[in-house]
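Report on the structure given below.
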Amino acid sequence: MAKSGSQSDTLRSLAADAMRSRGMLPDFSAAALAEAGAAQNPAVSDSVRDLRAMLWSSIDNDDSLDLDQIEVAERLSDGRFTLYVAIADVDSLVPAGSAIDEHAAYNTTSVYTAARVFPMLPEHLSTDLSSLRQDQERLAIVTEMTLQGDGTLVSADRYRARVKNYAKLAYRSVAAWLDGTAAPPEPLAKVKGMDGQLRLQDQIAQLLQAQRRARGALELETIEDRPVFEGDNLVDLRPDPKNRAQSIIEEFMVAANGANARYLDKAGRSSIRRVLKTPKRWGRIVELAKGAGTKLPEEPDAKALDDFLLERRRAVPQSFGDLSLSIIKCLGPGEYALERPGETPVGHFGLAVRDYTHSTAPNRRYPDLLTQRLMKAALNGGPAPYSDEQLKSLAAHCTAQEDSAKKVERQVAKSAAAMLLSSKIGMSFEAIVTGASDKGTWVRIEHPAAEGRVVKNYQGLDVGDHVQVKLVHTDVTRGFIDFAGLK
């Protein structure tokens with residue numbers, strides 16, 4: 001149960017309760033904390049390349065300290081590009097089978113709630129020793145990719161290296177600078193040549209995006225709600241839409257993850273892939289497109305869907321977020337799956353990529369740490385650290401725990417929203433239907449950003465419908481927000 005006290009105390013307590021109820025560990029064991037306290041930066045061997053002089057930088061959320069990756073790019077004399085993505089060498093600090101590893105393997109992911117972050121690794125590691133912090137020298141696994149002038153991948157290499165982050169940057173301030181609406185953020189302005197480096201990265205990201213779009217990658221707009229506190233009081237939940245700087249990192253991570261998946265396959269190694277199968281609710285997507293005056297094929301077609309989304313973004317940008325949310329619900333969730341070398345990949349429908357793994361966030365996701373261990377074993381020519389049966393079991397567990405983590409995050413977000421809406425009982429709101437099944441019907445409102453269940457007059461509603469609803473009940477502890485449909 002929630003403790004009495006400030007709103008932030010209440011939400012933190014509810015978040016811990018939600019973790020436990022979903023079978024996740026909110027706290028580290030004494031053994032894991034002791035291991036973290038004794039951890040030191042690993043020794044550097046002669047085989048590790050020294051790339052500390054390169055102009056590396058990170059772009060992440062404003063308050064992120066668990067920095068998994070840094071990037072740098074070069075323009076070659078023949079018109080091609082080289083893109084380097086350095087991933088924190090977390091494995092060197094988290095031995096398999098250690099108490100820290102056991103906690104990470106159980107939760108499998110960091111959980112980010114409106115009240116509290118539950119990190120996968122103790123913060124002494126994730127925000128310090130294994131974080132690619134600004135001005136700190138760190139060990140990393142580098143994926144080096146050579147690209148044609150149009151963004152087509154020519155070749156890829158990977159190796160261990162020493163790196164140094166020269167500028168810790170944030171998405172919103174970098175995006176505003178790139179869009180020409182703000183001055184360069186201080187960490188960027190202080191480093192000579194960093195402005196040109198970031199513009200080069202932006203150019204490469206746009207080329208990579210164009211390549212994926214040509215293959216049918218879906219241009220969806222996912223909006224996360226950011227809690228706003230004044231002191232200990234929650235005052236708002238504000239949408240935090242995707243921006244241009246986020247697109248840079250997204251494109252680089254997709255490229256690196258694809259290159260690393262192909263590397264393991266060519267090395268004859270089994271891996272854990274991230275897959276998104278053909279959408280089961282394609283029929284509903286066809287209906288949504290028809291309602292907007294577009295005819296989609298009867299069979300799933302990513303390129304046709306993306307063309308429709310692009311047209312809708314241009315025609316009605318103000319409602320594109322609602323449409324994106326509806327499409328995402330119909331696509332269904334991704335999952336982790338064992339893939340043996342030589343097998344035909346399932347692929348990722350939404351990203352329009354054939355080969356895809358998770359390898360770029362080992363501080364925050366256990367599949368990425370597993371992939372790092374698989375890659376290091378392949379690079380060293382050593383035996384695989386996991387059998388196929390172990391990888392299959394781990395993939396299923398990671399998928400299940402990811403679902404649990406999302407439910408925890410949604411639960412706490414609902415409690416936060418219920419807290420904000422508790423004084424608005426009886427008010428009416430514009431809403432979009434985000435879920436409709438035998439289990440119930442859910443809608444999302446914009447101000448404040450919140451999702452709740454329609455408990456009355458929900459008959460006939462389906463995902464993507466726009467409706468008017470009235471708030472009839474809230475329960476902060478259980479995160480209940482109940483609406484009645486207005487006919």
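Worth saying up front: this structure is predicted, and the values here are computed from it rather than measured. Position 1 is the first residue of the sequence, and the numbers go up from there.
Of the possible polar contacts, one joining the R284 side chain to the V463 backbone as a donor-acceptor pair under 3.5 Å is found. A donor-acceptor contact shorter than 3.5 Å is absent between the side chain of T357 and the backbone of N257. Under the 3.5 Å distance criterion, the side-chain polar atoms of S271 are left unmatched by any main-chain donor or acceptor of A261. Counting only distance, with no hydrogens or angles, the side chain of D368 and the backbone of S359 share a donor-acceptor pair below 3.5 Å. In terms of modelled atom types and a separation under 3.5 Å, the side chain of E451 and the main chain of T434 share no donor-acceptor contact. Side-chain atoms of W282 come within 3.5 Å of backbone N or O of P297 as a donor-acceptor pair. In this structure, T127 contributes its side chain and E123 its backbone to a donor-acceptor pair below 3.5 Å. Here the side chain of H103 pairs no donor or acceptor atom with the backbone of L121 at under 3.5 angstrom. Side chain of D62 to backbone of A170: no donor-acceptor contact under 3.5 angstrom is found. A donor-acceptor pair under 3.5 Å links the side-chain atoms of R138 to the main chain of L129, judged by distance alone.
Residues V275 and H348 share a closest heavy-atom pair of C-CD2, 4.2 Å. A115 and V412 make their closest contact through N-CG1, 4.2 Å (heavy atoms, listed as atom of the first residue, atom of the second, distance). The two residues A39 and L125 make their nearest non-hydrogen contact at CB-CD2, 3.7 Å. Counting all heavy atoms, side chain and backbone alike, P383 lies closest to A377 at O-CB, 3.6 Å. Across I70 and S58, no two heavy atoms sit closer than the pair CG2-CB, 3.8 Å. In this structure, Q390 and P385 approach most closely via the heavy-atom pair OE1-O, 4.3 Å.
Considering CG of L331 and OG of S326, their distance stands at 11.0 Å, rounded to 0.5 Å. Note: I432 CD1 to D465 CG = 8.5 Å, rounded to the nearest 0.5 Å. The NE2 atom of H447 sits 13.5 Å away from the CG atom of L420 when rounded to the nearest 0.5 Å. Considering NZ of K414 and CE of M419, their distance stands at 16.0 Å, rounded to 0.5 Å. A distance of 11.5 Å separates OG of S130 from CG of D91, quoted to the nearest 0.5 Å. From I248, atom CD1 reaches atom CG of L178 across 5.5 Å, with rounding to the nearest 0.5 Å.
R364 and D60 are joined by a salt bridge, as a carboxylate oxygen and a charged side-chain nitrogen come within less than 4.0 angstrom of each other. A salt bridge links D101 and R373; the closest N-O separation between the charged side-chain nitrogens and carboxylate oxygens is under 4.0 Å. With salt bridges taken as basic N to acidic carboxylate O contacts below 4.0 Å, one links D9 and R12. In this structure, D306 does not pair ionically with K303, as no charged nitrogen and carboxylate oxygen lie closer than 4.0 Å. Taking 4.0 Å as the cut-off between side-chain N and carboxylate O, D388 and K392 do not count as a salt-bridged pair.
Side-chain contact check for Q201 versus I204: every heavy-atom pair is 4.5 Å or farther apart. Side-chain contact check for T371 versus M375: some heavy-atom pair is nearer than 4.5 Å. Using a 4.5 Å heavy-atom threshold, the side chains of F118 and M19 count as touching. Looking only at side-chain heavy atoms (C-beta outward), L147 and L208 come within less than 4.5 Å of each other. No side-chain heavy atom of F252 sits under 4.5 Å from any side-chain heavy atom of M145. Between V455 and H473, every side-chain heavy-atom pair lies at or beyond the 4.5 Å cut-off. Taking the side chain as every heavy atom from C-beta outward, E402 and R365 never approach each other to under 4.5 Å. Side-chain contact between E409 and Y112: present, with at least one pair of heavy atoms (C-beta onward) separated by less than 4.5 Å.
Screening L374, L379, D157 for a side chain to side chain contact (heavy atoms under 4.5 Å, CB included) involving Y263 leaves a single residue, L379.
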(request) Start with the C-alpha distance between D475 and R453, add both sets of side-chain angles, then the distance that settles salt bridge (charged side-chain N to carboxylate O under 4.0 Å, His left out), and finish with yes or no. (result) CA-CA 12 Å; D475 184 323; R453 184 171 184 172; over 6 Å; no
(request) Would you please test L153 and R262 for side-chain contact (heavy atoms from CB on, under 4.5 Å) and show each step? (result) CA-CA 12 Å; L153 180 67; R262 288 187 291 274; 3.3 Å; yes
(request) Could you check T360 against D68 for side-chain contact (heavy atoms from CB on, under 4.5 Å), going step by step and ending with a plain yes or no? (result) CA-CA 7 Å; T360 56; D68 287 292; over 6 Å; no
(message) Evaluate I272 against Y366 for side-chain contact (heavy atoms from CB on, under 4.5 Å), listing each step before the verdict.
(response) CA-CA 11 Å; I272 289 181; Y366 198 63; over 6 Å; no
(message) Please evaluate residues K329 and R281 with respect to the criterion side-chain contact (heavy atoms from CB on, under 4.5 Å), reporting the C-alpha separation (whole Å), side-chain torsions for both, the decisive distance (0.1 Å), and the verdict.
(response) CA-CA 9 Å; K329 293 286 185 177; R281 295 210 66 194; over 6 Å; no
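Under 3.5 Å, the side chains of S110 and D66 contain no donor-acceptor pair of N or O atoms. A donor atom on one side chain and an acceptor atom on the other are found under 3.5 Å apart for Q206 and D202.
Counting non-hydrogen atoms of other residues, nucleotides and ligands closer than 6.0 Å to NZ of K376 gives a total above 12.
A cation-pi arrangement is not found for R273 relative to Y336, the charged atom failing to lie both closer than 6.0 Å to the ring centre and inside a 45° cone about the ring normal.
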